[in-house]
Amino acid sequence: MLKVSIVGGSGYTGFELLRILAGHTGAEVVSVSSRQYKGQGVTELFPSLRGFYDGLSFKDPSELGSDGGDIFFSALPHGASMEVVPGLLKAGKRVVDLSADFRLHDAGLYRKWYGEHGAKELLKDAVYGLPELHGERVKGASLVANPGCYPTSALLALAPVMGGGLVETGSIVIDSKSGVSGAGRTPTPGSSFIEVAGGFKPYSVGSHRHTPEMEQELSLLSGGEVSITFVPHLLPVSRGILSTIYAGLKKDLSTAELLAAYREFYAGKPFVRVLPEGAFPNINQVRGSNYCDIGLVVDGEKKRLVVVSAIDNLVKGASGQAVQNMNLMCGMDETIGLTAAPMAV
């Protein structure tokens with residue numbers, strides 16, 4: 001049985017890791033940390049997990065090194081993870097990092113969007129953990145950088161058309177909407193129920209930190225530099241991301257032809273569901289699951305492709321994908337612990 005430790009387990013992603021791993025047949029959570037809730041029982045903070053973690057309490061992060069975990073999830077905020085991960089790797093641990101600290105390969109680019117990097121020597125070795133694209137590299141990795149939620153939704157929607165000169169790479173517009181849990185568990189005025197309920201607004205227009213992550217991966221897929229326009233929005237729902245993506249087509253292709261190409265690209269990828277022609281995703285159809293649903297249409301007169309994807313931002317967009325990466329890193333079937341059907345109602 002694989003022994004798992006979670007660093008920073010009191011947030012939404014920490015809870016989702018605990019929830020998913022409670023049903024994992026090949027892994028067991030042996031320790032979880034939280035400075036804020038040190039000494040408190042996990043089920044005191046998360047009552048829904050009663051019966052699964054009754055004997056487990058939150059520890060100070062400094063105490064985790066002695067617990068003998070085989071693999072560590074770092075669910076710390078951006079900037080904090082880079083302080084912890086190097087020590088874990090030096091101790092021979094394998095790490096899946098859910099922050100943005102190791103997603104960008106270029107330290108200068110990280111500095112521009114986040115600030116100075118304290119462990120830049122690790123950037124070249126970190127594997128970008130989108131299993132559908134980099135699964136083989138994930139298998140041999142010691143450090144996996146779990147993708148952001150918005151990039152997961154956009155990259156899976158665009159990956160099949162980024163090679164072969166199919167789209168105008170300078171024409172891509174990514175219009176995404178996220179539930180409030182994407183802002184994290186710490187209360188803020190902008191994420192309170194009164195402020196969010198009944199509203200719908202864009203934020204960080206032209207300046208969202210997930211932009212360089214998407215451009216990095218899309219450029220690798222296309223073999224040339226890709227620049228995107230990314231506009232995120234806040235939905236008055238608890239969870240889910242819906243991304244609508246527009247790109248000019250270089251070739252005359254029909255909706256049916258592109259759907260066939262998408263199905264071929266994702267053949268054998270268990271968590272991507274390409275919908276039938278005329279069908280488009282809904283966030284409630286992936287809620288609580290590790291699935292990404294994709295639908296598309298070609299506007300023939302304008303030679304424009306419109307792709308729509310839906311994920312649960314806390315599962316495929318964070319903790320579910322992290323467990324999928326753990327499975328691959330540790331030689332297990334990537335679907336273990338992740339096959340529950342979505343909660344559509």
Side-chain angles (χ1 to χ4, degrees), residues 1-34 37 40-59 64 67-75 94-98 129-132 135 138-139 144 146-147 149 152 179 181 185 238-240 269-273 283-293 310-345:
M1 184 70 74
L2 189 70
K3 294 181 179 179
V4 175
S5 292
I6 302 171
V7 188
S10 61
Y12 290 135
T13 55
F15 168 77
E16 285 293 319
L17 283 169
L18 288 164
R19 182 183 69 83
I20 292 166
L21 291 168
H24 198 290
T25 57
E28 174 190 13
V29 177
V30 296
S31 58
V32 57
S33 80
S34 170
Y37 297 100
Q40 184 170 329
V42 167
T43 57
E44 292 180 60
L45 184 63
F46 300 128
S48 64
L49 297 177
R50 287 176 180 145
F52 294 99
Y53 296 104
D54 292 346
L56 192 64
S57 297
F58 291 104
K59 297 184 176 183
L64 292 188
D67 287 328
D70 302 304
I71 191 162
F72 281 67
F73 291 100
S74 179
R94 305 179 83 180
V95 179
V96 180
D97 179 41
L98 282 81
L130 193 55
E132 288 74 17
V138 168
K139 288 178 182 179
V144 169
N146 214 58
C149 50
T152 295
S181 58
R185 196 162 186 256
S238 61
R239 56 203 295 165
K269 306 298 182 184
F271 294 115
V272 177
R273 306 190 297 191
I283 56 173
N284 69 6
Q285 301 301 317
V286 295
R287 181 181 175 89
S289 81
N290 201 52
Y291 290 103
C292 172
D293 283 0
I311 63 170
D312 185 314
N313 58 295
L314 294 177
V315 187
K316 184 57 176 169
S319 301
Q321 186 147 260
V323 172
Q324 188 180 356
N325 281 316
M326 179 199 76
N327 289 341
L328 289 169
M329 293 169 77
C330 299
M332 295 184 282
D333 187 299
E334 66 184 297
T335 65
I336 296 177
L338 298 167
T339 56
M343 302 180 293
V345 292

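All values below were derived from every heavy atom in this structure, side-chain atoms included, with hydrogens, water molecules and symmetry-related copies excluded. Computed from a predicted model, the values in this text were never measured in an experiment.
- In this structure the side chain of D70 never reaches within 4.5 angstrom of the side chain of C330, judged on heavy atoms.
- Looking at every heavy atom in both residues, G69 comes nearest to V30 through CA-CG2, 4.4 Å.
- In this structure, the separation between CG on N284 and CE on M343 is 11.0 Å, given to the nearest 0.5 Å.
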Apply side chain to side chain contact (heavy atoms under 4.5 Å, CB included) to residues S319 and L17 and explain how you reach the verdict. CA-CA 5 Å; S319 301; L17 283 169; 3.7 Å; yes

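- One N or O on the side chain of N146 and one on the backbone of A318 form a donor-acceptor pair closer than 3.5 Å.
- In this structure, Y53 places its OH atom where more than 12 heavy-atom neighbours from other residues, nucleotides or ligands lie under 6.0 Å away.
- Interatomic distance, D333 CG to L328 CG, rounded to the nearest 0.5 Å: 8.5 Å.
- At least one donor-acceptor pair under 3.5 Å links the side chain of S181 to the backbone N or O of S238.
- Here the CG-CD1 distance, from N327 to I336, works out to 5.5 Å after rounding to the nearest 0.5 Å.
- Within the 4.5 Å cutoff, side-chain heavy atoms of F15 are placed close to those of L49.
- Just one of T13, V7, I6 meets the side-chain contact (heavy atoms from CB on, under 4.5 Å) condition when paired with L98; it is T13.
- Taking every heavy atom of both residues into account, G9 and V32 meet most closely at CA-CG2, 3.7 Å.
- Atom CD1 of I311 is separated from atom SG of C292 by 6.5 Å, given to the nearest 0.5 angstrom.
- With hydrogens and angles disregarded, a donor-acceptor distance shorter than 3.5 Å links the side chain of R94 to the backbone of M329.
- Between the side chain of D312 and the backbone N or O of G240, no donor-acceptor pair lies under 3.5 Å.
- With rounding to the nearest 0.5 angstrom, the OH atom of Y37 is 5.5 Å from the CG atom of L45.
- The structure places CG of L18 at 10.0 Å from CZ of F73, a figure rounded to the nearest 0.5 Å.
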Report the C-alpha separation of L2 and M332 in whole Å, then their side-chain angles, then the decisive distance to 0.1 Å, and conclude whether the side chain to side chain contact (heavy atoms under 4.5 Å, CB included) test is met. CA-CA 10 Å; L2 189 70; M332 295 184 282; 3.9 Å; yes

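- Ring orientation note: the planes of F58 and F46 are nearly perpendicular, at an angle over 60° on the 30°/60° scale.
- The two residues A340 and S289 have their closest heavy-atom pair at O-CB, 4.2 Å.
- Among all heavy-atom pairs drawn from V4 and M326, the shortest one is CG2-SD, 3.9 Å.
- Nearest heavy atom pair, residue P147 against residue G129, reads CD-O, 3.1 Å.
- The pair R273-D293 counts as a salt bridge, with a side-chain nitrogen and a carboxylate oxygen less than 4.0 angstrom apart.
- Evaluation of the salt bridge (charged side-chain N to carboxylate O under 4.0 Å, His left out) rule for K269 yields no partner, not counting sequence neighbours.
- Counting only heavy atoms from C-beta outward, the side chains of Q324 and L338 approach each other to under 4.5 Å.
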For the pair T335 and F271, evaluate side chain to side chain contact (heavy atoms under 4.5 Å, CB included) and give the outcome as yes or no after the intermediate values. CA-CA 8 Å; T335 65; F271 294 115; 3.9 Å; yes

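- In this structure, N313 contributes its side chain and R239 its backbone to no donor-acceptor pair below 3.5 Å.
- Of the possible polar contacts, one joining the N290 side chain to the Q321 backbone as a donor-acceptor pair under 3.5 Å is found.
- Between the side chain of D54 and the main chain of R50, no donor-acceptor pair closer than 3.5 Å is present.
- With S33 contributing its side chain and G8 its backbone, the two residues share a donor-acceptor pair below 3.5 Å.
- Across all non-hydrogen atoms, the minimal contact from R19 to G288 is NH2-O, 3.7 Å.
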